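Written out below as structure tokens is the structure these notes cover.
Letters A, B, ... mirror the listed sequences (proteins, then strands); counts begin at 1. The model shown is predicted, which means the values in this text are computed figures rather than measured ones.
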Number of protein chains: 4
Amino acid sequence: MSTADMPPAPSGRQRSDVRRNEQKLLDAAASVFVRMGIDAPVREIAAEAGLGMGTVYRHFPTRADLVVAVFRHQLDALAVAADNPAAADTPYEVLRRWVHRFADFLVTKHGLAEALHSDQAGFEALHNEFVERLLPVLDQLLKDSASAGCTRADVRAYDFMLAIGNLCIGVETFPDYQARRMIDLLLAGLTRTAPAPS
Amino acid sequence: MSTADMPPAPSGRQRSDVRRNEQKLLDAAASVFVRMGIDAPVREIAAEAGLGMGTVYRHFPTRADLVVAVFRHQLDALAVAADNPAAADTPYEVLRRWVHRFADFLVTKHGLAEALHSDQAGFEALHNEFVERLLPVLDQLLKDSASAGCTRADVRAYDFMLAIGNLCIGVETFPDYQARRMIDLLLAGLTRTAPAPS
Amino acid sequence: MSTADMPPAPSGRQRSDVRRNEQKLLDAAASVFVRMGIDAPVREIAAEAGLGMGTVYRHFPTRADLVVAVFRHQLDALAVAADNPAAADTPYEVLRRWVHRFADFLVTKHGLAEALHSDQAGFEALHNEFVERLLPVLDQLLKDSASAGCTRADVRAYDFMLAIGNLCIGVETFPDYQARRMIDLLLAGLTRTAPAPS
Amino acid sequence: MSTADMPPAPSGRQRSDVRRNEQKLLDAAASVFVRMGIDAPVREIAAEAGLGMGTVYRHFPTRADLVVAVFRHQLDALAVAADNPAAADTPYEVLRRWVHRFADFLVTKHGLAEALHSDQAGFEALHNEFVERLLPVLDQLLKDSASAGCTRADVRAYDFMLAIGNLCIGVETFPDYQARRMIDLLLAGLTRTAPAPS
DNA sequence: TATGAATGAGGTTTCATTCAT
DNA sequence: TATGAATGAAACCTCATTCAT
């Protein structure tokens, strides 16, 4: 009932062109966001994609839509990254590894950590996207680790997620800043603070 | 008889007005930076100060000059905040208190933590300002604490300072984010990781 | 069947509109340059053309581009003006007529002579344009006339061209100044100075 | 009645200070006009004179007043330059020498020739100044030379004066332009044109 | 009388967004 | 559906000019 009553017959080909364009735009935007920040001129993104500016607006009516789409796309990979626990690790090890994978993600997608705090359009949506996709994963990892007695139980996944993200900020602009060490410090702080080894 | 015995002084009153205006501008800029970010229109700052735009440029020829001035002004207070050690504390306690004072500073100067990472003009100068003023203080505190055996000695003050700053980011925009808890977590990670308390 | 056999052509109509706008801009700029000088506000030119300011910048990214374009367009006509020698004239007559045509050009394009000396952006380009287009023509005319024994051979076309241009300056602003008489005086000075009245 | 009822007694000293300042301003303006053109910022002139901006305005309420004053000052020297005819010269030689002296003046006061055509405030006054001071001198020289049969009688001093001025334009900006040759050409055109080849 | 701080109009340029083709 | 030309608001920065001291 849906596609049937459309004009001459859009033909699968056209539809796939459209999708191809959307992909081009996502890739282009990701790359441009890195190069020029999340406030990069729309024209720049269109040019990078080899498309017209109107096409950007057709696919992503607001900048927010584009921003979210760019990163949603990249979050998918991370959301499933906790699914293969690698068997014989302690829950803390699993948590630890995921956290660093998260940091990898933020750091390699240069500028993403900073972008999360942009006060521009799309900002809220972007944040929500992260929360929706990653918070459940991290929450589970924290709970597992706490249940196993490895780590504190009084740390909220939300705070922890933002903290990790924050610690990644500035890696690019301050080349001397070693975010990884600080992330490890945060992880260390998470471990059951020695109060009673016995 | 009149002008002859004056110093070159071009009327003391005027000079004090000028200084008053400079202060107005610093206050206005601090407030506007918070509201609109470090890239706020100059016109906005002028308006907030109740002065003309030209006056802003007279006092601070480049945006960098203004940005640096705004924060240098506020750093002075913090740089001396470690001078009154409050006697009977452990070095770790002193460190801990200063770190929270630093966080207070960043958080109450709403937006300042974010501003530290702006990739705009004045950015480098701002960063340098922080490094020059605060790094020595923090470095000393860390060393004292490590010497006393309270904390690790393998943490660089530079990383730690940026980390604290980073953890404060987003406090305003994500009201649910509890930066203080994360700072405490980082401080906890700093403590000599309970090799054997006994 | 449809798009396949078209060239890449992005709709011929659009392109012609674009060209029409460019022409509008050239006309508008020529007119405004006369009225307000070569430094006229871009906004003025846009208004005169009935277009937006952005459009000016799209077509002519720098002021120099616009300035040069305005006059290049008008130089074309002059560069070929020496091609129809009108048969039975002496080379000196031909030279004389072209010089006055050049002066006509400068004077009727009110303000152009002055514009040639603007120390603003685009100035060098404008001068070069004149040199490239007109100098060869004038040089040939001078040589022909000198070869025929009508005029001195020791006058450089470059100096002469600038001199003609200079003599046209002020025609508008000093209504009483009769540039033509001075041009004739210069031409008279060019003739083989009374070889031997004996 | 006039100076008598003034305040405490301005004292000759003060008056001479005022005059000294005026001279400072004239010198400074002349120098700045050369360096930055006739539209140079007022502040620049004040700075060059080592005085406040307000003082500039006190002495020369409009820019026109300053411009005129600067050049009037320099015209005085030229106006008398024809007074010492050096005895044994032909009137044409005297004319010729004065013309080159005029050109010297324009060329060495870099930018002055161009300034004569500025469409800015003070322009008309400047032009008038030249006319009033120099036209009588040049007119007399032309008449003397014509009376002696050296040169044409049908050339108006006004046109000739402007022509000389114009030919000096661009000497600075087009280093390759040899204004002197063109002035000589104009002078050559002035000579009784090859009496009659018949 | 001299000063120079303050003002703000006016120029430049950039881009987000619309819309005719 | 895709295009990119056009628009114009908005930011920047520079002085001419005023006026309190």
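- For D/His59, no side-chain nitrogen or oxygen approaches OP1 or OP2 of E/dT1 to under 4.0 Å.
- Every residue meeting the side chain to side chain contact (heavy atoms under 4.5 Å, CB included) condition with D/Val56, not counting sequence neighbours, appears here in chain and number order: D/Leu25, D/Val42, D/Ala46, D/Leu66.
- Here the closest heavy-atom approach between residue A/Val70 and residue A/Ala29 is recorded as CG2-CB, 3.5 Å.
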Sugar-phosphate or base contact per nucleotide [nucleotides 7-12 of chain F; S, B, -; heavy atom under 4.0 Å]: BBB-SB
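- A search for side chain to side chain contact (heavy atoms under 4.5 Å, CB included) contacts involving A/Arg58 returns nothing, not counting sequence neighbours.
- Residues of residues 22-30 of chain C that place a heavy atom closer than 4.0 Å to DNA chain F do not occur.
- Across A/Leu51 and A/Lys24, no two heavy atoms sit closer than the pair CD2-NZ, 4.2 Å.
- A salt bridge links C/Glu44 with C/Arg35; the closest basic N to acidic carboxylate O contact falls under 4.0 Å.
- At least one side-chain nitrogen or oxygen of D/Asn21 sits closer than 4.0 Å to the OP1 or OP2 atom of E/dA2.
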Dot-bracket for DNA chain E, please, read 5' to 3', with Watson-Crick or G-U wobble pairs under 3.5 Å on both distances, ( ) within the strand, [ ] crossing, | other strand, . unpaired. .||||||||||||||||||||
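- A/Arg20 and A/Asp17 are joined by a salt bridge, as a carboxylate oxygen and a charged side-chain nitrogen come within less than 4.0 angstrom of each other.
- The salt bridge (charged side-chain N to carboxylate O under 4.0 Å, His left out) check on B/Glu22 picks up nothing, with sequence neighbours excluded.
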